[in-house]
Amino acid sequence: MAGGGSLVESVPSMSLLTISDHHYEGGDDEQKSIVVVASSSAPIVSSYNDRIRPLLDTVDRLRHLKIMEEGIQLPTIVVVGDQSSGKSSVLESLAGISLPRGQGICTRVPLIMRLQNHPNPNPELFLEFAGKTVPTDEEHISDAISLATEEIAGNGKGISSNPLTLIVKKNGVPDLTMVDLPGITRVPVHGQPEDIYEQISKIIMEFITPEESIILNVLSASVDFTTCESIRMSQKVDKTGQRTLAVVTKADKSPEGLLEKVTADDVSIGLGYVCVRNRIGDESYEEARAEEANLFDTHCLLSKIDKSMVGVPVLAERLVRIQANIIVKCLPEIVRKINEKLAGNIEELNKLPKHLTSVGEAMASFMHVVASAKENLRKILIQGEFDEYPDAKEMHGTARVVEMLNKFSADLQSAKDKNASEKFLLDEITVLEEGKSIGLPNFLPKIAFHTLLQKKVKAISAIPFDFVEKIWGFVENVLISVLLRHSENYPQLVSSTKRAAQNLIAKMKQESVDWVNDIVEMEKVSDYTCDPTYTSSWKERMSSQDQLLKDIDNYRKFGNIDVSHLRNMKGSVPEAFDLGTRVNAYWDIVLRRMVDNMALHLLFKIRNLVKNDMELEIVNEIMGPHGNGLERMMDESPSVAIKRNKLKKSISLLKESKDVVANIIDKISDNFDY
Ligand SMILES: Nc1nc2c(ncn2[C@@H]2O[C@H](COP(=O)(O)OP(=O)(O)OP(=O)(O)O)[C@@H](O)[C@H]2O)c(=O)[nH]1
């Protein structure tokens, strides 16, 4: 290992954490937050461990559980920078360990680095990746990271978004978790893939886009900051720079104009700049820190930069403080999101169909499907309740049936016999002429009445057939829609239930057509009513007969009817008027009877369909030669199985996460007066 020093000696001045109502730098002004107050002698650990460590541990454990895969973002310090800007060197300086460094791309996978202060003088280092934990030590860490990177991203120069976690438990390191990302380069070098820029940008954007991320932008002092790719990228997601902190490396190499660059802040860095000088060559860490301190104290240009903006210890202090603030700020929301997601997933899982393992279970589920569809149809088609389909008007069964029935009645009333004469009483006079026979006067020939009645019935006879066609079409749509909804979890049932519904409706329609046929024929061949309105209506109409005769004599209209053509046939008028009046009085009754009977017929049929026929038809279909049988219900559809497994996994992860954060909110409020 190159250098065994740590920050413990160099950071006593950064360490005591106290909590106050301080405003979060660059963050929410109203935010109550944690402030690291510089103390001349306090050790890094004492207060910090008590207060922040549990929070950071919580976040780290959530990260380890991969809660981010559930779409819940964690507060994260993300290290970005152009290739070879010195990202790994900065992390090395913070951790006091040696990471792969050099020209060209070294960091090829996201490296989650967890630094944990640790009382034991012997450091403990682990790498976690691909589900395994590999212990290592300071001497071999660089090689171990290279090997792990090769395992994750391959031997070449390719990159991967699968992270590698490095845990460094070491006395004196600041408690920090950071993610180091591959450096950005526009031009592929040393066998890098052609689309390296796109690949790296995608990973970087994924990490820096969430509002919960703090962007640690590593800039080399030797470049013009405005040309840095990493600045361009961070500005895309953090325009004002309120969550961006800049670390300027290689201050020793390019001291000229550095003070001006960090003071001018041309690239809007909201959280400020810290200039550092990292370890060079084989220097030890003690040497590197001493060289750095000396550089910023004595260099003619660099010494002019404010001391709050220089050196790795200052950087460590700033990061610890920012990390504490962002965690305190984000945790309550994380807890809320975990609870919300967990409740949502449990609800979704409960809604999934049970995985059926026996014919008995399949039978029970089948019966449940039929029973619930039946209940649903009863509400829609019989009771007129539509609470389950408040906005789907086409499912408000009774209302639509009544609407169609009213239309049916109106159509009957307005139907006209195309063959009937336009002229008043002419048809009546004609049939009376043809129905003449030798007999007593004043007897209306029955044949005349029947001829007129039959003509009228014939004129409307297509309407009831159209109506039953329409009404059963509507019931079919409702039926299929309800059945599909209730069997949606059992795709094996869908085709059988649909077929059963179609067969059943076809049967119902045929029965209705036969019935309509009968009633139309009945009306044609016989005339009867016990309804007294027939007589009263006939009498009332007949009372205007004298007026009709007077109007004919006086060349006047009868009401607004032209009767001039009747002058030459006046002798036939009384009998024709009587006949017409009887036919019209009776016709009102016929139409009313047709609508009433149709309504009763349909209600009866629909009721039977919902109560008995549907169930029987579906059972016959499932068990019949073309049915799939109940056994098929036990084959769970692959999509349901995948969904179930995914939900189960997610629920267990969220439950574990919930346990992890269970007490932390109390701690936040107890300790931080949040
Ligand atoms: N003189 C000097 N050299 C530095 C400093 N910081 C980094 N370097 C050197 O710059 C080179 C690149 O540094 P790295 O830390 O590997 O850069 P990186 O950004 O992690 O590189 P990639 O991950 O490959 O993009 C190395 O040779 C470092 O030794 C510094 O402050 N001063």
Side-chain angles (χ1 to χ4, degrees), residues 2-3 78-113 141-143 145-146 148-150 152-153 156-160 163-164 166 178-192 196-197 199-201 203-204 207 215-223 228-231 233-234 246-256 258 262 273-285 287-296 299 302 305 309-315:
V78 185
V79 186
V80 296
D82 291 5
Q83 230 172 61
S84 300
S85 57
K87 297 179 300 300
S88 305
S89 302
V90 169
L91 294 178
E92 264 192 0
S93 301
L94 290 166
I97 54 158
S98 178
L99 295 172
R101 279 183 309 170
Q103 293 304 315
I105 189 162
C106 291
T107 313
R108 297 193 288 127
V109 299
L111 175 71
I112 302 170
M113 192 154 128
I141 183 64
S142 188
D143 291 341
I145 290 177
S146 299
T149 301
E150 278 175 23
I152 299 171
K157 294 281 178 186
I159 60 162
S160 165
L164 166 66
L166 167 62
M178 292 164 292
V179 185
D180 185 19
L181 296 178
I184 315 160
T185 177
R186 279 265 175 202
V187 194
V189 286
H190 303 301
Q192 287 171 350
I196 188 82
Y197 178 77
Q199 286 191 35
I200 295 177
S201 305
I203 298 179
I204 292 178
F207 276 88
I215 306 168
L216 185 64
N217 216 321
V218 179
L219 309 166
S220 164
S222 52
V223 302
C228 285
E229 282 293 334
S230 63
I231 287 286
M233 293 193 80
S234 69
V247 184
V248 185
T249 62
K250 308 183 191 178
D252 55 316
K253 277 173 85 178
S254 307
E256 300 79 21
L258 185 55
V262 296
Y273 294 78
V274 181
C275 305
V276 298
R277 181 243 186 233
N278 290 309
R279 189 171 66 89
I280 301 172
D282 291 335
E283 274 175 1
S284 72
Y285 285 97
E287 287 163 0
R289 292 290 65 80
E291 283 297 330
E292 181 185 60
N294 187 39
L295 180 73
F296 289 113
H299 190 280
L302 298 177
I305 305 176
M309 290 169 77
V310 295
V312 170
V314 166
L315 174 64

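This is a predicted model, so every value here is computed, not measured. Start at 1 and go down the list; that is how both ligands and their atoms are numbered.
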So which bit of [X] gets within less than 4.0 Å of ligand 1, heavy atoms only: side chain, backbone, both or neither?
{"X": "Lys253", "result": "side chain"}
{"X": "Asp252", "result": "side chain"}
{"X": "Asn278", "result": "both"}

Identify the heavy atoms of [X] and [Y] that sit nearest to each other, and give their distance.
{"X": "Ile203", "Y": "Pro110", "value": "CG2-CG, 4.1 Å"}
{"X": "Arg279", "Y": "Ser93", "value": "N-OG, 4.4 Å"}
{"X": "Pro163", "Y": "Ile112", "value": "CB-CD1, 3.8 Å"}
{"X": "Leu302", "Y": "Ala251", "value": "CD1-O, 3.7 Å"}

So if I count the atoms of ligand 1 from 1 in the order they appear, which ones are less than 4.0 Å from some heavy atom of [X]?
{"X": "Ser88", "result": "15 (O), 18 (P), 20 (O)"}
{"X": "Arg277", "result": "31 (O)"}
{"X": "Ser89", "result": "6 (N), 7 (C), 13 (O), 14 (P), 15 (O), 28 (C)"}

Reference residue Ser85; test side-chain contact (heavy atoms from CB on, under 4.5 Å); the match among Val90, Val218, Leu219: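 By the side-chain contact (heavy atoms from CB on, under 4.5 Å) criterion, Ser85 pairs with just one of Val90, Val218, Leu219: Val218.
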N or O contact, Gly86 vs ligand 1, cut-off under 3.5 Å: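 N/O-N/O distance below 3.5 Å exists for this pair.
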Geometric N/O contact Lys250 with ligand 1, under 3.5 angstrom: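 Indeed, backbone or side chain, Lys250 has an N or O that close.
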Ligand 1 contact by Ser84, heavy-atom criterion under 4.0 angstrom: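 A heavy atom of Ser84 does come that close to ligand 1.
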Glu229 (side chain) donor-acceptor with Asp82 (main chain) under 3.5 angstrom: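 Answer holds: no.
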Partners meeting side-chain contact (heavy atoms from CB on, under 4.5 Å) with Glu287 (sequence neighbours left out):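 Checked Glu287 against side-chain contact (heavy atoms from CB on, under 4.5 Å); matches are Glu283, Ser284.
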